[in-house]
Amino acid sequence: MLPADRRLRTSADFAAVLRRRGRVSASAHLLIVHANRLPGRENLPSRVGFVVGKNVGNAVLRNRTKRRLREQCRARLALLVDGTDYVVRAQPAASGAPSSALGSALDAALADLSARGGERR
RNA sequence: AGAGUCGGCCAGACGGUCGCGUUCCGUGGCCCUCGUCGGCCACGGGCCGAGGAACGUCCGGACUCCACAGGGCACGGUGGUGGCUAACGGCCACCCGGGGCGACCCGCGGGACAGUGCCACAGAGAGCAGACCGCCUCAUCGCGUGCGGUGAGGUAAGGGUGAAAGGGUGGUGUAAGAGACCACCAGCGGCCUGGGUGACCAGGUCGGCUCGGUAAACCCCACCGGGAGCAAGCCCAGAUAUGCGUGCGUUCGACGGCGGCCCGCCGGAGCACGCGGGUAGGGCGCUCGAGCCCGUCGGCAACGGCGGGCCUAGAUGGAUGACCGUCACCGCGCGCAGAGCAAUCGGCGCGCGGCACAGAAUCCGGCGUACCGGUCGGCUCUUCCC
RNA sequence: UGGGGUAUGGUGUAAUUGGCAACACUAGUGAUUCUGGUUCACUCAUUCUAGGUUCGAGUCCUGGUACCCCAG
């Protein structure tokens, strides 16, 4: 899984990431990813948070979806940019999708993000 | 063998790789009010890590804080009896009523001579009953001489309406009838005897002859209930502005204890609303408890006593996951050989698919609800064999 | 955690103390018209669900399901 200090832990952090721009929806029926560089965290490792709403399913389904997403993110920690916080929002279809599909959706979103970042810089 | 009924248990198993959370040990680093159990961080290793319903939140408690002069009126809950329990609206046993051939199942199961209300439509009449048709008597009129009309009465046996029409059957009796009277039966009430802790049951005797339903309508009776809830509550660190406005108050008493109201008692100088300002970090509570397992004793049982053993999740954007392998289990398809006249049946192999309901958040005892299935046992009925 | 409420044709709402489930719009069918509109008539209900009380339940009681609101 993902260590606690690499996850978003407070409601304020989530709000800060979601409020600013930086949304990429790769395979929109599965995931929506938000990414933002928050001031004051430039040299700290990146963090990831997950949002799994009630439209995904009951508590068992929501928890399992969150765990599988965390596992996929753990395998891709090296791809994340330091100082950037991510929020992954699960769509209803994510609960039934195989983990490989979730992983490739994450890859696509991260590739899209790095391409955009290159353009802006 | 088939059909059924009741109850208990399980909730796929084993292994590999990479991870997460609590906690312990070791190594290293940093900090200080230097501790040989100080705090924090990193790495390595070890133990442990969701459920029978963790769920819904429908009841009951433990625990914590507040309140504990009292009285009255309300309010809510429960409702056969006896027991179990910390307690309960739960459980066990029994009683009564209903269903089933039976095992067994279902029941908010106190009171309708304390009172009030309601019983639509239909029907003559619906609650200290009621003459529409009918039946009978008398008077009178008519004629076709035993029938019809009219009037005055008697009558609850019959018809019809209704969920329900004030016992049932048979007889005596009568103008026709009627518990008016008699016998038996059903039911009600009183008394006596026996059994049972009791609800109640069985039997006997006497009585007036019969008394509607509805309290999941108001109500009456008995019993129970102080309030709030782990975001309870306690501690540490830290920030800001006893700021501004309005209203009510300072022994003519606001407000609070006090939950709904009243009386009364106690505290009592602030209280309520709006605007504005600040914070939203950490720790304890937090898991050893009416605990679980085994044995034994008491009890029909629920349950309890005694002895021995065990320690079994504590997260806080919230930890038990991801990817595989092997073997079980279920369904479908194909193949192989077999049993049988046949429908079909089980066995082996291969492939594909499936493997429920559902995720702890202070903790227990219940209830209710969801659920693929598997397994064990008790009992009942039917059929066959010995 | 505590408290309160709602569910009725496809949609939005009614239904005095229990007594034939009503209204508007929409949809469908038919009539009127050369056609369409308008108008008229008819059709469309497991009263959320499972039981119970009662002669009789949308209404009363119990359990369940879904949704909404309030306080912290």
Side-chain angles (χ1 to χ4, degrees):
Chain A
M1 295 293 289
L2 217 52
D5 59 346
R6 299 298 295 273
R7 300 199 307 265
L8 291 178
R9 301 290 291 271
T10 67
S11 183
D13 288 339
F14 275 83
V17 173
L18 291 174
R19 194 162 47 240
R20 299 162 71 102
R21 286 165 186 270
R23 170 178 153 161
V24 164
S25 46
S27 313
H29 64 289
L30 286 179
L31 310 168
I32 297 175
V33 179
H34 298 251
N36 260 306
R37 306 178 70 83
L38 298 181
R41 289 193 57 86
E42 279 78 8
N43 296 318
L44 295 169
S46 64
R47 297 181 300 177
V48 186
F50 302 90
V51 176
V52 184
K54 263 196 173 168
N55 54 355
V56 173
N58 60 16
V60 174
L61 222 51
R62 289 202 305 274
N63 276 333
R64 187 181 308 148
T65 305
K66 200 185 293 180
R67 284 167 185 150
R68 291 166 63 207
L69 283 173
R70 267 207 292 267
E71 176 61 24
Q72 295 306 313
C73 284
R74 187 179 68 84
R76 290 166 177 76
L77 274 180
L79 300 175
L80 303 181
V81 185
D82 279 357
T84 307
D85 288 342
Y86 301 83
V87 169
V88 180
R89 295 199 306 173
Q91 297 299 300
S95 64
S99 290
S100 55
L102 296 179
S104 55
L106 267 177
D107 284 335
L110 291 176
D112 199 354
L113 276 170
S114 64
R116 281 196 201 181
E119 279 173 20
R120 271 191 205 153
R121 212 63 27 106

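Naming convention: chains lettered A, B, ... in sequence-line order (proteins, then strands); numbering from 1 in each chain.
Glycosidic conformation at B:rU312 (O4'-C1'-N9-C4 for purines, O4'-C1'-N1-C2 for pyrimidines): syn, within 90° of 0. In this structure, C:rU26 is classed as anti because its glycosidic torsion departs from zero by more than 90°. For B:rG179, the base adopts the syn conformation, since its glycosidic angle falls within 90 degrees of zero. With its glycosidic angle within 90° of 0, B:rU287 is assigned syn. In this structure, B:rG70 shows a glycosidic angle more than 90 degrees from zero, which is the anti conformation.
A 3.5 Å limit on both hydrogen-bonding distances identifies no Watson-Crick or G-U partner for B:rG127. Taking a pair to require two hydrogen-bonding distances under 3.5 Å in either a Watson-Crick or a G-U wobble arrangement, B:rU5 pairs with B:rG378. Here C:rG30 sits opposite C:rC40 as a Watson-Crick or G-U wobble pair (both hydrogen-bonding atom distances under 3.5 Å). B:rU312 is unpaired under the criterion used here, namely a Watson-Crick or G-U wobble arrangement in which both key atom distances are under 3.5 Å. Of the nucleotides present, B:rC138 is the one that pairs with B:rG151 by Watson-Crick or G-U wobble criteria, both distances under 3.5 Å. Nucleotide B:rG166 has no partner under the Watson-Crick or G-U criteria, as no pair reaches both atom distances under 3.5 Å. In this structure B:rU17 sits in a base pair with B:rA322, meeting the Watson-Crick or G-U test at under 3.5 Å. The partner of B:rG35 is B:rC32, judged by Watson-Crick or G-U wobble contacts that both fall below 3.5 Å.
In this structure, A:Arg74 places its CZ atom 11 Å from C1' of B:rU17, rounding to the nearest Å. Between A:Arg70 atom CZ and B:rC323 atom C1' there is a gap of 17 Å when expressed in whole angstrom units. Atoms CD (A:Glu71) and P (B:rC18) sit 13 Å apart, rounded to a whole Å. One can place NZ of A:Lys66 at 17 Å from C1' of B:rA322, the figure rounded to the nearest angstrom.
In this structure, A:Arg62 does not reach the B:rG318 phosphate: none of its side-chain N or O atoms is under 4.0 Å from OP1 or OP2.
Contact annotation: the side chain of A:Val51 never approaches that of A:Val88 to less than 4.5 Å [non-hydrogen atoms, C-beta and beyond].
The same atom, C1', is picked in B:rC101 and in B:rA3; the two are 14 Å apart, to the nearest Å. Across B:rG203 and B:rA370, the matching P atoms stand 47 Å from one another, rounded to whole Å. When the P atom is used for both B:rC182 and B:rC209, the distance is 10 Å, rounded to whole Å. Across the C1' atoms, B:rU78 and B:rG111 are found 16 Å apart, a figure rounded to whole Å. Comparing B:rA216 with C:rU54, their C1' atoms sit 10 Å apart, to the nearest whole Å. Rounded to whole Å, the separation between the C1' atoms of B:rC104 and B:rU210 comes to 39 Å. Of the P atoms belonging to B:rG142 and B:rA126, the separation is 42 Å, rounded to the nearest Å. Rounded to the nearest Å, the gap between the C1' atom of B:rA358 and that of B:rG349 is 37 Å.
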Do any N or O atoms of the protein come closer than 3.5 Å to N or O atoms of nucleotides 356-362 of chain B, and which pairs are they?
residue: B:rA358; atom: N6; partner: A:Arg64; partner atom: NH2; Å: 3.4

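Qualifying salt bridge (Lys or Arg N to Asp or Glu O under 4.0 Å) partners for A:Arg76, counting only residues two or more places apart in sequence or in other chains: A:Asp107.
Note that the OG atom of A:Ser100 and the CD atom of A:Gln72 stand 8.0 Å from one another [nearest 0.5 Å]. Taking CG of A:Leu69 as the start and CZ of A:Arg89 as the end, the distance is 13.0 Å to the nearest 0.5 Å. Of the inter-residue distances, the one linking A:Tyr86 atom OH with A:Leu110 atom CG reads 6.0 Å to the nearest 0.5 angstrom.
In this structure a side-chain-to-backbone donor-acceptor pair under 3.5 Å is missing from A:Asn36 to A:Asp85.
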Verdict with reasoning, A:Gln91 to A:Leu31, per side-chain contact (heavy atoms from CB on, under 4.5 Å) = CA-CA 6 Å; A:Gln91 297 299 300; A:Leu31 310 168; over 6 Å; no
Worked check of side-chain contact (heavy atoms from CB on, under 4.5 Å) between A:Val33 and A:Val87 = CA-CA 6 Å; A:Val33 179; A:Val87 169; over 6 Å; no
Under the salt bridge (charged side-chain N to carboxylate O under 4.0 Å, His left out) criterion, do A:Glu71 and A:Arg74 qualify, and how do the steps go?
-> CA-CA 5 Å; A:Glu71 176 61 24; A:Arg74 187 179 68 84; 2.9 Å; yes
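RNA chain B is contacted by both A:Ser100 and A:Gly49; A:Gly49 maps to the nucleotide lying nearer its 5′ end (nearest heavy atom per residue). For A:Val51 and A:Arg68, each mapped to the nucleotide of RNA chain B holding its nearest heavy atom, the one lying further toward the 5' end belongs to A:Val51.
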